[in-house]
**Student:** 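Just passing along the structure, written as structure tokens.
Just so we're on the same page: letters track the sequence lines, and every chain starts at 1. Both backbone and side-chain heavy atoms feed into the values below; hydrogens, waters and symmetry mates do not.
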2 protein chains.
Amino acid sequence: MASLKQVAELAGVSLMTVSRALNNPEKLSAKTYKHVKKAIDELNYVPNFSAKNIRGSTGKTIGVLSLGTATTPFSVEIILAIEKTVRQHGWHSFVINTFEDDKQEMEQAAERLLSYRPAGIIVARNGLKEVKIPQKLRNIPMVLSNCVTNDVDVASYIPNDFQGQFDLTELLVKKGYKKPLCMYIPEDAIAAKERKNGFEKAWFNQLSPQIPEQHFMIGTPHTYENGAKPLEKLLENNSKKLDFDIIVCGNDRIAFLTYQLLLSRGFRIPEDVAVVGYDNMVGVTHLFQPSLTTVQLPHYEMGKQAALHFIEGRNSIGENLITCPLIIGQSC
Amino acid sequence: MASLKQVAELAGVSLMTVSRALNNPEKLSAKTYKHVKKAIDELNYVPNFSAKNIRGSTGKTIGVLSLGTATTPFSVEIILAIEKTVRQHGWHSFVINTFEDDKQEMEQAAERLLSYRPAGIIVARNGLKEVKIPQKLRNIPMVLSNCVTNDVDVASYIPNDFQGQFDLTELLVKKGYKKPLCMYIPEDAIAAKERKNGFEKAWFNQLSPQIPEQHFMIGTPHTYENGAKPLEKLLENNSKKLDFDIIVCGNDRIAFLTYQLLLSRGFRIPEDVAVVGYDNMVGVTHLFQPSLTTVQLPHYEMGKQAALHFIEGRNSIGENLITCPLIIGQSC
DNA sequence: CTGTTAGCGCATTCAT
DNA sequence: ATGAATGCGCTAACAG
């Protein structure tokens with residue numbers, strides 16, 4: 001690979017002239033620029049990032065600590081958004097993937113992160129959760145994307161789960177549904193509480209008397225393989241007539257299970273019972289038949305805003321709630 | 001961030017002693033090592049990657065050009081495997097995500113890749129396909145993961161789709177299925193041909209006479225939203241009795257559409273008709289009810305082998321077929 | 001407008 | 001066993 005020096009030699013000029021041709025072309029006379037440019041193209045010269053970066057770390061590199069991306073790959077969009085955003089502003093980014101439960105891995109990840117001397121670090125997570133920040137990272141400028149922490153005072157960009165569920169529920173009320181069955185995600189999830197509040201706030205506003213007792217239920221944790229179990233039990237008791245007209249699923253995976261369960265028992269969606277989800281999983285949710293009404297987790301926006309936090313030099317601290325847009329389908 | 005120099009000053013030794021403490025501790029006396037180590041810990045010193053990399057590029061850094069990851073995020077595993085593998089061997093990697101259809105982006109991606117002066121480049125893709133290699137990258141050592149190319153002579157690590165579909169089909173024959181309905185992925189996909197061959201080879205081996213004419217069909221491209229249309233048409237004509245006992249889906253997304261279609265028409269899986277898929281999409285496939293029998297795309301292994309290609313200094317060229325393991329569920 | 005000097009953080013080489 | 005000198009590719013600061 002060619003270096004500045006080689007380009008300079010080929011062009012018969014000094015190092016600095018080539019450097020300027022690359023970074024401040026306006027400081028060169030038109031003809032020397034043209035001359036140097038020719039040499040650059042001829043040698044296929046590309047600046048050496050490491051060499052640039054070594055000098056006083058210009059502060060245009062962002063390190064990304066990506067946690068648990070493997071288990072739910074729907075959050076790649078966060079990473080993609082970061083990369084695209086920094087690129088647009090002439091910054092750089094690099095990603096370290098790891099898993100939070102492995103403490104040793106976390107330590108190593110922190111070291112690798114620091115070895116790039118980033119101006120700041122974005123900690124991103126596949127699903128909203130509280131994260132522990134490695135000790136070594138606590139002195140570096142940091143911002144959180146799709147996670148929160150108690151270890152340091154930082155800004156975080158997280159989904160507005162309350163608003164998302166609220167908007168969805170308002171739609172349901174407007175459409176005239178009266179008897180909801182809610183299968184929330186596990187209680188310990190941060191999003192669970194917000195969404196539950198969002199639902200109840202929107203629902204009680206209009207329909208406080210009509211809430212059936214069983215409207216509130218909890219799905220099972222982690223893999224969600226048993227996410228529709230509550231529904232299954234209800235169907236066992238009364239397999240013909242449903243005691244609810246709308247099933248509010250804690251996420252699209254629960255909705256996925258719910259669809260199969262309902263369809264296999266001969267219920268039509270939405271004629272016999274409507275279904276809504278949450279997440280809008282890229283690559284999957286658009287395959288629901290009928291198309292699923294759901295709420296989109298703003299992965300892209302969370303990544304973008306986290307990146308802009310550094311690029312624009314924002315100094316804020318605390319939670320920034322990102323709107324979750326409604327995705328309207330045929331399932332309600 | 002502390003530098004070698006600062007550590008040296010704190011420890012009252014020269015730069016080199018600190019450098020050796022990090023890279024060749026055995027060359028130091030036990031007591032100076034201990035002394036220096038203390039200073040290193042005290043300052044939370046982490047070596048500067050750029051500074052290391054600047055010197056003659058030791059050749060332990062791999063650049064990854066990841067194509068189209070956003071559209072089907074199931075391939076994160078490739079990236080993860082690469083990162084994990086290089087790390088285990090003391091190498092480094094960095095990833096540039098881009099989209100092949102944007103030619104300008106590809107050029108820029110190539111430049112950014114080169115700016116890190118990698119010892120080699122892995123080109124990875126979300127789905128198996130032929131890729132164009134940017135001109136600037138054609139002189140760098142390269143290996144392909146889940147893609148192939150005609151532009152350069154390189155090694156590629158791709159799924160053995162023939163073997164995968166062959167093994168699956170053998171299982172079906174063994175189980176006694178007689179009348180298959182195949183809904184392949186679009187013909188222009190490389191995998192389509194291999195899988196079709198795999199199916200036919202395994203099926204004709206045993207059951208050549210009994211192949212019904214309609215066993216061969218093609219799904220629709222890209223989003224797969226219409227992937228089960230052929231089945232839908234068949235059901236319109238004859239909605240009561242099925243003329244097939246096993247539906248072979250080109251991938252798990254088609255299988256999901258098929259599930260919904262069958263269940264909504266009152267057919268039971270696998271009692272009335274069995275279903276099998278292909279891909280084993282991480283985070284999704286395990287939610288099928290009943291659990292889906294499918295074939296796993298070896299994303300992790302493709303990434304790992306591509307990384308090892310450089311790490312072990314393999315010199316081979318051409319296609320390396322990675323086994324696709326059978327995932328046996330309750331759907332057949 | 002262009003060139004020279006110096007130094008970023010580190011490891012290779014050679015000395016002690 | 002430890003240190004000093006040198007240079008990797010590049011740019012900020014100064015000189016001309």
**Student:** Can you tell me if Ser19(B) touches the phosphate of dA11(C), counting only side-chain N or O atoms and a distance under 4.0 Å to OP1 or OP2?
**Tutor:**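 Ser19(B) to dA11(C) OP1/OP2: side-chain N or O found under 4.0 Å.
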**Student:** What's the CZ-P distance between Phe49(B) and dC10(C), to the nearest Å?
**Tutor:**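 Distance check: Phe49(B) CZ to dC10(C) P gives 13 Å.
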**Student:** Within the modelled atom types, does a donor on one side and an acceptor on the other bring the side chain of Arg117(B) and the base of dG9(D) under 3.5 Å apart?
**Tutor:**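 No pair found.
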**Student:** Considering only dC10(D), dG9(D), dC10(C), which nucleotide approaches the side chain of Tyr45(A) most closely?
**Tutor:**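 In terms of side-chain proximity for Tyr45(A), the closest of dC10(D), dG9(D), dC10(C) is dC10(D).
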**Student:** Based on the rotation axes of five pairs at each end, what angle does the helix from dC1(C)-dG16(D) to dT16(C)-dA1(D) bend through, to 10°?
**Tutor:**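 The end-segment axes of the helix from dC1(C)-dG16(D) to dT16(C)-dA1(D) are tilted 40° relative to each other.
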**Student:** Figure out the NZ/P separation between Lys52(B) and dA11(C), and round it to whole Å.
**Tutor:**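 So the NZ-P distance, Lys52(B) to dA11(C), works out to 6 Å.
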**Student:** For residues 22-33 of chain A, which residues have at least one heavy atom under 4.0 Å from DNA chain C?
**Tutor:**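 Contacting residues: Lys27(A), Leu28(A), Ser29(A), Thr32(A).
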**Student:** Identify the heavy atoms of Arg125(A) and Ile78(A) that sit nearest to each other, and give their distance.
**Tutor:**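 The pair with the smallest heavy-atom distance is O-CD1, 3.7 Å.
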**Student:** Can you establish whether the number of heavy atoms outside Asn315(B) located under 6.0 Å from its atom CG is more than 12?
**Tutor:**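 Counting neighbours around CG of Asn315(B), 12 or fewer heavy atoms of other residues, nucleotides or ligands fall under 6.0 Å, so no.
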**Student:** Does atom CG of Asp153(A) have more than 12 heavy-atom neighbours, drawn from other residues, nucleotides or ligands, at distances under 6.0 Å?
**Tutor:**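 Atom CG in Asp153(A) is not packed in, count stays at 12 or less.
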**Student:** Between C1' on dG9(C) and CZ on Arg55(B), what's the gap in Å once rounded to a whole number?
**Tutor:**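 Taking CZ of Arg55(B) and C1' of dG9(C), I get 10 Å after rounding.
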**Student:** Which nucleotide wins on minimum distance to the side chain of Asn48(A), given the candidates dC8(C), dC10(C), dG9(D)?
**Tutor:**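 Nearest nucleotide to the side chain: dG9(D).
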**Student:** Identify which nucleotide among dT2(D), dA13(D), dA12(D) has an atom closest to any side-chain atom of Thr17(B), counting heavy atoms from C-beta outward.
**Tutor:**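 In terms of side-chain proximity for Thr17(B), the closest of dT2(D), dA13(D), dA12(D) is dT2(D).
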**Student:** What distance separates Asn320(B) CG from Glu301(B) CD, expressed to the nearest 0.5 Å?
**Tutor:**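 The CD atom of Glu301(B) is 11.5 Å from CG of Asn320(B), to the nearest 0.5 Å.
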**Student:** Of the candidate nucleotides dT4(C), dG3(D), dG9(C), which contains the atom at the shortest distance from the side chain of Ser14(B)?
**Tutor:**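 Nearest to the side chain of Ser14(B) among the choices is dG3(D).
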**Student:** Is the closest side-chain donor-acceptor distance between Thr98(A) and Glu105(A) under 3.5 Å?
**Tutor:**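 Yes, Glu105(A) and Thr98(A) have a side-chain donor paired with an acceptor closer than 3.5 Å.
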**Student:** From Ile62(A) CD1 over to Leu113(A) CG, what is the distance, rounded to the nearest 0.5 angstrom?
**Tutor:**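 One finds 11.5 Å between CD1 of Ile62(A) and CG of Leu113(A).
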**Student:** Just how far is it from atom OH of Tyr157(B) to atom CD1 of Ile122(B), taken to the nearest 0.5 Å?
**Tutor:**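 With rounding to 0.5 Å, OH (Tyr157(B)) is 9.5 Å from CD1 (Ile122(B)).
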**Student:** Pair Cys147(A), Ile158(A) - check side chain to side chain contact (heavy atoms under 4.5 Å, CB included), show working.
**Tutor:** CA-CA 6 Å; Cys147(A) 54; Ile158(A) 60 178; 6.0 Å; no
**Student:** Select one nucleotide: of dG3(D), dC10(C), dC10(D), the one nearest the side-chain heavy atoms of Ala51(B).
**Tutor:**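 The answer is dC10(C), which lies nearest to the side chain.
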**Student:** Between dA13(D), dG9(C), dA12(D), which one does the side chain of Arg20(A) approach most closely?
**Tutor:**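 Between dA13(D), dG9(C), dA12(D), the one nearest the side chain of Arg20(A) would be dA13(D).
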